[in-house]
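Here is the structure we will look at, set down as structure tokens.
In what follows, every chain begins at residue 1, and chains take the letters A, B, ... in the order their sequences are listed.
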Protein chains: 2
Amino acid sequence: MSDSVAVWARPERGRRGPAPERSRDQIARAAIAIADADGLAAVSMREVAASLGTGPASLYRYVRAREDLLDLMADAVLAELELSAAPSTDWVDDLVALAGEVKAVHLRHPWLLDLPPQPSRLGPRAIDLIEHALGLMRHLPVQGRVKLEVIGVVNSLVAQFARHETAAEAPVSDRQAAQTAYLGKVAADGSHPLLAAALADTAPGDALDVFEPTIRHVAMGLTGIAHR
Amino acid sequence: MSDSVAVWARPERGRRGPAPERSRDQIARAAIAIADADGLAAVSMREVAASLGTGPASLYRYVRAREDLLDLMADAVLAELELSAAPSTDWVDDLVALAGEVKAVHLRHPWLLDLPPQPSRLGPRAIDLIEHALGLMRHLPVQGRVKLEVIGVVNSLVAQFARHETAAEAPVSDRQAAQTAYLGKVAADGSHPLLAAALADTAPGDALDVFEPTIRHVAMGLTGIAHR
DNA sequence: TTATACTGCGATCAGCGTTCGCAGTATAAG
DNA sequence: CTTATACTGCGAACGCTGATCGCAGTATAA
């Protein structure tokens with residue numbers, strides 16, 4: 001099996017020999033369970049194989065490398081999205097709602113935020129998501145590439161906000177406690193008065209909800225189309 | 001040395017014993033050179049130590065773990081930013097220019113894009129950058145936390161656009177060729193007509209420059225302040 | 001002068017991703 | 001029906017990783 005065939009373009013079984021005992025989806029879901037419980041770093045080939053009751057080498061019948069497994073995981077969680085809703089009359093509202101659903105996927109699977117996005121990670125469900133998002137913008141009088149740009153930017157913002165919310169909710173690690181102490185020290189020593197003031201202006205637990213306005217502004221700004 | 005002290009808050013030498021032979025900055029720069037040449041995955045403790053002519057265990061006198069080294073690397077590259085320019089009369093122009101400079105840092109050091117951003121990665125230079133950015137917005141009649149939100153969102157967009165440009169310029173790997181072929185196949189099979197149309201509408205090499213408008217819209221949108 | 005904190009780093013541990021190659025299975029070919 | 005061979009599962013092994021232990025020399029504090 002060549003490097004030059006994307007994992008989702010490969011057939012799941014050969015034309016001879018026994019039927020495989022597992023599927024790529026099953027392996028991806030086993031990996032997702034581990035990532036959900038213990039983070040992405042815990043998703044080793046050995047750990048995934050053990051959770052399936054097999055040896056690590058057997059996974060290489062389904063994926064070429066761990067990177068393929070990560071691709072499968074990232075795409076598999078998008079199955080949680082309900083993409084069949086018909087667009088309303090307000091494409092910006094629809095895009096904001098879709099962005100909110102994608103953000104919710106990230107909140108359920110925080111390890112997604114540890115996966116550097118790569119254009120090469122687009123699987124069937126990611127492609128369905130893009131098609132759906134393009135559907136929301138179907139009638140806009142702008143070029144396709146502008147629409148794709150909007151989608152890329154919105155995805156990036158979704159991850160950013162998800163990261164923010166995840167950090168706010170997660171138990172504080174030693175590392176984060178150390179950083180907070182460090183920031184407090186810097187704020188206290190007078191060398192960064194604007195930062196000190198801004199931090200003082202940011203009460204804990206008093207989170208802004210700027211997700212929706214951010215998505216709105218970006219969508220309307222890039223397409224040049226006002227909300228109606 | 002406790003986990004609970006951030007790497008940049010730790011003294012560089014003890015009060016007794018020989019002076020250390022190296023500095024954290026020197027180690028960070030050795031690591032950056034490796035990352036620039038061969039990517040982040042090549043930055044192993046062994047590789048960094050070998051490039052410094054020492055053994056891997058000696059690095060643990062300077063950092064507690066590889067994660068600390070990554071923190072130092074991420075902060076060290078921000079030294080390339082020239083932050084002393086006085087603000088002009090147009091805060092949005094200034095913010096866009098600053099964002100462009102930060103994007104240029106990412107383009108010179110593409111491995112930054114493989115580092116999941118963490119709030120705990122903020123070192124002295126990152127803090128200087130935030131202070132500077134707050135300075136550009138010093139006179140805006142909005143809360144400090146809104147300003148911090150703008151900075152967070154802009155940073156996220158900077159990374160997104162840098163990733164995009166990096167992908168456009170990098171030699172195409174087998175993986176990316178496979179993905180492109182896969183997208184082509186999906187576009188050809190008729191199941192995603194909007195995507196097919198959008199891709200057809202996106203001529204290679206005909207990149208949109210929506211970086212500046214995106215930053216503008218986000219900045220003005222979040223602060224509620226029109227460009228003037 | 002002595003105690004001891006500090007430094008450098010080899011040796012070692014435990015784990016990782018991945019490949020090789022064996023053996024059994026099931027389909028294609030004759 | 002028999003044979004060839006593509007296919008599958010996976011143990012063993014390779015080469016690499018991050019990190020810790022503990023020794024020995026150094027330099028400051030007591």
So which nucleotide from [options] ends up closest to the side chain of [X]?
X	options	value
B/Ala65	D/dG9, C/dT18, D/dA19	D/dA19
B/Arg16	D/dT17, C/dA3, D/dT20	C/dA3
A/Pro20	C/dC13, C/dA29, D/dT8	D/dT8
B/Ser44	D/dT8, C/dT18, D/dT17	D/dT17
A/Arg61	C/dG8, D/dG9, C/dC20	D/dG9
A/Arg13	C/dT27, D/dG9, C/dG8	C/dT27

NZ/NE/NH1/NH2 to OD/OE distance under 4.0 Å, A/Arg175 and B/Asp71:
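Between B/Asp71 and A/Arg175 there is a salt bridge, with a charged N closer than 4.0 Å to a carboxylate O.
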Would you indicate what B/Ser58 reaches in the nucleic acid, counting non-hydrogen atoms under 4.0 angstrom: base, sugar-phosphate, or nothing?
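The answer is base, as B/Ser58 lies within the cut-off (heavy atoms under 4.0 Å) of a base atom.
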Using a heavy-atom cut-off of under 4.0 Å over every strand shown, decide if B/Gly17 touches base, sugar-phosphate, or nothing.
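It contacts base atoms.
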Between the two ends of the helix from C/dT1-D/dA30 to C/dG30-D/dC1, what is the bend in degrees, rounded to 10 degrees, where each end axis spans five pairs?
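End axes: 10° apart.
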Distance-only, no hydrogens or angles: does the B/Asp75 side chain make a donor-acceptor pair with backbone N or O of B/Ala126 under 3.5 Å?
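Checking the backbone N and O of B/Ala126 against the side chain of B/Asp75, a donor-acceptor pair under 3.5 Å is found.
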If only side-chain N and O atoms of B/Thr54 are considered, is one of them under 4.0 Å from the OP1 or OP2 phosphate oxygen of C/dG8?
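Indeed not, no polar side-chain atom of B/Thr54 lies that close.
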Can a side chain N or O of B/Tyr62 be found less than 4.0 Å away from OP1 or OP2 on C/dG8?
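True: B/Tyr62 side-chain N/O within range (under 4.0 Å) of C/dG8 OP1/OP2.
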Write down the atom of B/Thr214, the atom of B/Phe161, and the distance for their closest heavy-atom approach.
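Heavy-atom minimum between the residues: OG1-CZ, 3.6 Å.
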Would you compute the distance between atom CE of A/Met73 and atom CZ of A/Arg29 and round it to the nearest 0.5 angstrom?
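The distance works out to 13.0 Å.
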Look at the side chain of A/Arg46 and the base of C/dG15, then say whether one donor and one acceptor between them are separated by less than 3.5 Å.
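No, no donor-acceptor pair under 3.5 Å.
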Surrounding NE2 of A/His164 (heavy atoms of other residues, nucleotides or ligands, distance under 6.0 Å), is the total greater than 12?
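Atom NE2 in A/His164 is not packed in, count stays at 12 or less.
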